[in-house]
Amino acid sequence: MKIACLGGGPAGLYFAISMKLRDAAHDITVFERNRPDDTFGWGVVFSDETFDNITANDPVSAAAIRAHFAYWDDIAVHYRGQREVSGGHGFSGIARKKLLMLLQDRARELGVALRFQTEIASAGELAENFDIVVAADGLNSKTRAEFAQHFKPAIDTRKNKFVWLGTHQKFDDAFTFIFERTEHGWIWAHAYQFDADTATFIVECSEATWQKFGFGTMSQEETCRTCERIFAKYLGGHALISNASHIRGSAWLNFPRVLCEKWSYRNIVLMGDAAATAHFSIGSGTKLAMESAVAMADLLHTQPTLQAAFVKYEDARRTEVLRLQSAARNSMEWFEDVERYLHLDPVQFNYSLLTRSQRISHENLRLRDKEWLEGAEAWFQRLAGADANTMRRPMFAPFQLRDMRLKNRVVVSPMAQYKAVDGCPTDWHLVHYGERAKGGAGLVCIEMTCVSAEGRITPGCTGMYAPTHEAAWKRIVDFVHAETDAKICCQLGHSGGKGSTQLGWEDMDAPLREGNWPVMAASATAWSGRNQRARAMDRADMDRVRDQFVAAAQMAARADFDMLEIHCAHGYLLSSFITPLTNLRTDEYGGSLENRMRYPLEIFRAVRAVWPAEKPISVRISATDWVGAKGIESRDAVEISRLLQEAGVDICDVSAGQTSVDAQPVYGRMFQTPFSDRIRNETGMATMAVGNIFEPDHVNSILMAGRADLVCLARPHLADPYWTLHAAAKLGDRGETWPQPYYPGRDLLYRLSGSGEAAVVAV
Ligand SMILES: Cc1cc2nc3c(=O)[nH]c(=O)nc-3n(C[C@H](O)[C@H](O)[C@H](O)COP(=O)(O)OP(=O)(O)OC[C@H]3O[C@@H](n4cnc5c(N)ncnc54)[C@H](O)[C@@H]3O)c2cc1C
Ligand SMILES: Cc1cc2nc3c(=O)[nH]c(=O)nc-3n(C[C@H](O)[C@H](O)[C@H](O)COP(=O)(O)O)c2cc1C
């Protein structure tokens with residue numbers, strides 16, 4: 001095959017090498033606009049595992065590259081005058097220039113023609129004279145632009161500013177992050193050694209800080225001198241150096257996140273940064289480029305046609321690229337939002353930084369550096385007022401809200417059972433909640449319990465509006481208190497416009513087949529085309545419902561619940577006031593967020609006044625409507641939480657969605673946790689996270705990183721009432737209390753977990 005590689009970066013050169021290794025007869029030319037030893041930037045990083053793939057493809061170039069690696073195992077974080085170091089991370093660095101020179105040598109040795117100082121004006125024209133053109137022309141790919149209508153690139157220019165500098169100061173003992181507070185805001189550096197006497201020193205900050213420093217109008221020299229002053233105490237008198245002479249002006253950049261919808265067109269295929277970028281904070285761009293080169297070379301030798309190879313290449317690489325891009329996005333956004341975390345204690349800040357891409361889990365950190373993680377866990381326990389020597393996971397730390405002390409951080413999330421009779425809980429509820437309280441969670445939250453008959457969602461929903469309800473709930477609460485050390489929370493709500501609907505396992509949210517009752521909401525809206533239009537509440541309705549909430553809270557207090565939660569989420573009555581999608585009111589309860597919050601806050605204040613002062617109240621919110629700017633978004637959720645906090649709400653239970661049939665949720669593991677993270681770290685309010693959290697590892701990492709104070713699990717507790725006790729057994733934790741009659745079962749489980757046979761237990 002006659003092959004042109006457009007671009008002599010890692011992708012182009014490594015593709016040429018990989019093709020020659022598979023068939024020496026290929027006629028391959030690499031076209032590169034620069035000279036052989038011109039390059040931007042400084043060093044690149046590989047992780048240990050990346051390099052195994054590269055070694056398998058070409059042991060010769062791998063050995064040459066490895067011979068020039070600078071290795072380090074530790075990550076050091078300078079923050080608030082402390083240096084936190086954790087180990088076991090296994091990275092290596094090499095000068096980009098050295099890497100390219102070694103790849104050039106290897107390519108030459110294999111018979112690849114290298115044409116330097118050759119600018120290619122059009123990949124389309126080049127393609128006429130070659131069987132295949134690999135467009136590895138980098139981040140600002142001209143080829144991508146030339147055929148933009150085919151490749152359909154999405155380019156997202158990110159908000160932070162960064163500049164890639166170098167220094168002869170040594171950072172040879174650890175990959176180092178330095179966070180400095182300046183008169184113009186926070187600014188930070190990512191520093192790593194890549195050869196005997198040079199280190200990369202990437203400086204990054206927010207646009208606001210960058211503006212205040214006036215970096216935009218500085219020459220590269222001036223940028224270096226200013227950054228030297230900022231980071232003087234880490235540079236040991238060494239200069240910062242720029243080698244970006246090819247970039248005009250200041251050399252500061254905004255990172256462009258690139259992803260092309262199509263990667264090939266005719267006989268042209270995009271590779272490396274031209275097709276998709278990662279982010280420098282996870283150091284995977286070169287890895288991605290080189291691995292794509294190997295994949296393409298393989299496919300060109302195993303697929304029957306060029307087009308078949310292109311199709312497979314895109315299929316195979318896209319998944320890997322999306323996986324990396326998702327990690328890169330998490331990492332990039334962490335740095336974009338870093339000011340949110342700059343109040344954290346250095347231990348927690350470091351943990352948050354290390355787990356930012358969500359690729360490193362809590363137990364994975366233990367494998368990397370047991371001692372560091374145990375130190376962090378001890379810090380967490382101490383902060384929670386527990387004995388730090390017990391070496392327990394964060395999920396087993398106690399938590400205090402007013403006088404209520406929870407034994408651990410796991411919450412059974414409220415879940416409607418649809419088994420009530422005329423609002424009255426039955427033996428089903430006694431057994432159901434009793435089992436969950438026995439199962440080890442620190443807090444069991446009962447289902448949305450409605451303040452009136454018309455406020456029920458379905459005829460099977462529980463209520464708190466009759467003496468019989470109060471008595472039935474008291475029986476359940478008494479059982480929980482007598483037989484377990486779990487606490488029990490009563491979730492009070494009113495269904496609003498989503499009321500008078502079928503049971504959860506029937507046609508959910510659809511009107512009843514018969515016996516519908518009239519519903520009311522903030523405004524005269526209907527949940528969907530199938531549902532009845534709600535009556536807009538007038539002041540008399542509002543007074544009545546407020547009084548119903550108060551009466552229900554008084555019953556809950558007499559039933560001896562430990563905590564109350566007011567349901568202001570999921571499109572029910574109070575949620576219908578908060579979201580602009582359903583609140584169309586023109587009075588003082590509609591319009592601005594402050595107005596839309598007025599009625600839910602009125603309810604809270606009235607309830608708070610009758611609820612025992614020593615007992616806490618939480619409010620559950622939908623932190624996003626998942627409909628974009630026309631609904632609630634996470635920044636509104638921060639404002640909502642501030643208002644709740646000011647009113648005296650003790651903790652915000654951060655759920656999301658279910659407020660609109662048009663919602664487009666983005667599902668995934670722990671998908672709602674970022675809302676809790678944002679609220680907790682921007683307002684300082686305690687939060688509960690919920691949503692697709694199912695592994696003990698998820699719970700521990702959320703808590704340890706300070707993304708929530710409590711973690712709610714709903715469906716996992718339907719699958720396993722003993723989720724917490726099973727998790728403890730699996731993790732080797734022996735500190736959780738089992739019900740006495742179950743001790744023989746506990747001992748069996750401990751033995752099985754100890755002998756590695758714990759697979760019989762579903763956790
Ligand atoms: C600040 C920063 C730090 C980074 N740190 C790391 C890291 O630590 N680890 C890591 O793995 N990656 C890192 N990267 C990313 C990495 O540099 C790229 O992902 C990688 O170089 C991509 O390789 P490539 O071959 O696709 O593109 P490039 O390396 O950009 O190569 C493209 C080549 O094409 C040439 N070219 C372009 N257009 C033409 C034309 N019309 N005619 C002729 N030649 C042309 C260019 O001169 C260039 O040499 C970093 C990137 C940045 C911005
Ligand atoms: C069967 C079922 C019933 C639910 N009922 C309620 C409820 O009464 N009140 C409430 O706030 N959330 C309710 N939810 C939502 C859960 O509390 C939780 O927020 C959601 O299921 C996401 O958590 P998960 O991924 O752990 O299941 C219910 C969820 C399920 C699965």
Side-chain angles (χ1 to χ4, degrees), residues 5-15 30-34 38-47 50 91 93-94 96 99-100 115-123 126 135-143 162-165 190 192 194 200 202 204 246 253 255-256 270-290 292-293 411-418 445-449 457 461-462 491 493 504-505 508 565 567-570 572 620 653-658 667 670-672 690-694 711-718:
C5 294
L6 202 179
L13 287 169
Y14 205 62
F15 174 73
V30 174
F31 297 95
E32 168 57 51
R33 61 153 75 109
N34 292 332
D38 271 349
T39 189
F40 69 94
W42 297 89
V44 295
V45 201
F46 292 98
S47 66
T50 305
F91 286 112
I94 183 169
R96 177 179 156 93
L99 174 72
L100 293 183
R115 299 270 150 72
F116 291 100
Q117 294 177 274
T118 309
E119 172 88 35
I120 301 297
S122 155
L126 193 66
D137 49 353
L139 197 57
N140 300 313
S141 169
K142 267 196 200 165
T143 311
F162 73 96
V163 61
W164 203 355
L165 305 174
H190 315 231
Y192 52 93
F194 63 83
T200 296
I202 301 169
E204 187 182 4
H246 62 292
L253 301 169
F255 190 81
L270 295 178
M271 190 172 287
D273 276 5
T277 55
H279 186 252
F280 60 86
S281 65
I282 63 161
S284 294
T286 304
K287 161 201 159 89
L288 216 52
M290 290 172 75
S292 292
V411 179
V412 176
S413 199
M415 277 178 289
Q417 297 297 297
Y418 311 106
C445 192
I446 64 162
E447 65 207 89
M448 177 166 126
T449 292
I457 309 167
C461 287
T462 50
Q491 187 187 55
W505 52 82
M508 199 170 166
E565 174 162 287
H567 199 334
C568 294
H570 303 169
Y572 299 118
R620 178 168 263 207
D653 182 354
V654 188
S655 187
Q658 297 177 53
Y667 290 116
M670 306 183 271
F671 72 114
Q672 294 173 166
V690 65
N692 220 10
I693 300 166
F694 48 88
V711 179
C712 305
L713 292 87
R715 291 163 301 163
H717 276 116
L718 292 183

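Whatever order the structure lists them in is the order used to number ligands and atoms, beginning at 1. Because the structure is a prediction, the values reported are computed rather than measured. The figures that follow rest on heavy atoms only: side chains count, while hydrogens, waters and symmetry mates do not.
Ligand 2 has at least one atom lying under 4.0 Å from a heavy atom of Gly691.
Residues Val30 and Gly7 approach most closely at CG1-O, 3.7 Å, considering heavy atoms.
For Pro716, every heavy-atom contact with ligand 2 shorter than 4.0 Å involves the side chain, none the backbone. Residue-level proximity to ligand 1 for Phe116 is absent, since no heavy atom of it falls below 4.0 angstrom.
The closest heavy-atom contact to atom 39 (C) of ligand 1, among the options Arg115, Glu204, Arg33, comes from Arg33. Evaluated by nearest non-hydrogen atom to atom 11 (O) of ligand 2, the leading choice among Glu447, Met670, Gln491 is Gln491. Evaluated by nearest non-hydrogen atom to atom 19 (O) of ligand 2, the leading choice among Gln672, Met415, Gln417, Arg620 is Arg620. Among Gly504, Pro414, Ala656, the residue whose heavy atom lies nearest to atom 16 (C) of ligand 2 is Pro414. Counting heavy atoms only, Pro10 comes closest to atom 23 (O) of ligand 1 of the residues Gly9, Cys5, Pro10, Ala278.
Classification of the Trp42-Phe194 ring pair by plane angle, with boundaries at 30° and 60°, yields tilted. Below 30°, between 30° and 60°, or above 60°: for Phe280 and Phe162 the angle between ring planes is between 30° and 60°, a tilted geometry.
Ligand 1 has no N or O atom lying under 3.5 Å from any N or O atom of Phe162, backbone or side chain. The N/O atoms of Met448, backbone and side chain alike, include one that comes under 3.5 Å of an N/O atom in ligand 2.
Within ligand 1, the atoms closer than 4.0 Å to a non-hydrogen atom of Thr118 are 42 (N), 43 (C), numbered from 1 in the order shown. Within ligand 1, the atoms closer than 4.0 Å to a non-hydrogen atom of Ala136 are 32 (C), 33 (C), 34 (O), numbered from 1 in the order shown. Of all atoms in ligand 1, numbered sequentially from 1 with element shown, those under 4.0 Å from a heavy atom of Asp137 are 32 (C), 34 (O), 37 (C), 38 (N). The atoms of ligand 1 that sit less than 4.0 Å from any heavy atom of Gly138 are 27 (O), 30 (O), 32 (C). Under a 4.0 Å criterion applied to the non-hydrogen atoms of Asn692, ligand 2 contributes the atoms 24 (P), 25 (O). When each atom of ligand 2 is checked for a heavy atom of Arg715 under 4.0 Å away, the hits are 24 (P), 25 (O), 26 (O), 27 (O), 31 (C). For ligand 1, the atoms sitting less than 4.0 Å from at least one non-hydrogen atom of Gly272 are 26 (O), numbered in the order shown with element in parentheses.
Within the 3.5 Å criterion, the main-chain N or O of Val690 finds a donor-acceptor partner in the side chain of Gln672.
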